[in-house]
Amino acid sequence: RANIDTPDTPPSPVAASLTIRARLFFVHITLVSDSNYSTSKTIFVRATKHAESGELRLTYVYENSTLAPEKTDSAGHHGAAYLDLKDENTFDGLYWTNRNYHQALNTAGRITLKRA
């Protein structure tokens, strides 16, 4: 379950499935919203330890596809995020995108992921 918080709207839970696949030479992150409104896949991922807290941090760039965009949305966009592993069931971080940048409607906010 992802909780996405933006300045203009109060936080509201968005159900989604997140899959992290890690191998020796790559890490892939895939997020699919339960409504199938959009999906995203990673272009680049880097796993590091946070310099101050020592928490695992995933920093990534992703490509999003919106299957049936509404008038105010775009069919696709790119974004970046970081997620800190808070405990074995929770990631927390920030994201920002170039979604609708041509209309100055970029999106950004906090994302919290919890194992269901």
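In this chain, numbering begins with 1 at the start of the sequence shown. Bear in mind the structure is a predicted one, so any value in this text is a computation, not a measurement.
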Problem set entry | side chain to side chain contact (heavy atoms under 4.5 Å, CB included) assessment of I20 paired with V27 | CA-CA 7 Å; I20 301 173; V27 176; 4.1 Å; yes

Problem set entry | Test side chain to side chain contact (heavy atoms under 4.5 Å, CB included) applied to R99 and D73, step by step | CA-CA 8 Å; R99 185 181 206 162; D73 208 351; 2.7 Å; yes

For this session: Test side chain to side chain contact (heavy atoms under 4.5 Å, CB included) on T66 and Y37 and set out the steps.
Result: CA-CA 6 Å; T66 303; Y37 184 69; 3.6 Å; yes

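The distance from the NE2 atom of H77 to the OG1 atom of T97 is 4.5 Å, given to the nearest 0.5 Å. To the nearest 0.5 angstrom, T48 atom OG1 is 6.5 Å from R57 atom CZ. A distance of 7.0 Å separates OH in Y62 from OH in Y95, rounded to the nearest 0.5 Å. To the nearest 0.5 Å, atoms CG (L85) and CG (L58) are separated by 8.0 Å. Atom-to-atom distance recorded for L31:CG and L18:CG is 5.5 Å, nearest 0.5 angstrom. Expressed to the nearest 0.5 Å, how far NE2 of H50 lies from OH of Y82 amounts to 7.0 Å.
Side-chain atoms of N64 come within 3.5 Å of backbone atoms of T39 as a donor-acceptor pair (strictly under, hydrogens ignored). A donor-acceptor pair under 3.5 Å is formed between the side chain of T42 and the backbone N or O of I29. Side-chain N or O atoms of D84 include none that pairs as donor or acceptor with a backbone N or O of K86 at under 3.5 Å.
Counting heavy atoms from C-beta outward, N89 and K114 have side chains that stay 4.5 Å or more apart.
By the side-chain contact (heavy atoms from CB on, under 4.5 Å) test, F26 is found to be paired with R21, R23, H28, residues two or more places apart in sequence or in another chain being considered.
Linking ILVMFWY residues whenever their side-chain heavy atoms come closer than 4.5 Å, directly or via other members, places V45 and I111 in the same cluster.
Summarising the geometry of P69 relative to A75, their closest heavy-atom pair is CG-CA, 4.0 Å, with the distance given to 0.1 Å. Across every non-hydrogen atom of A47 and L56, the tightest pair is CB-CD1, 4.2 Å.
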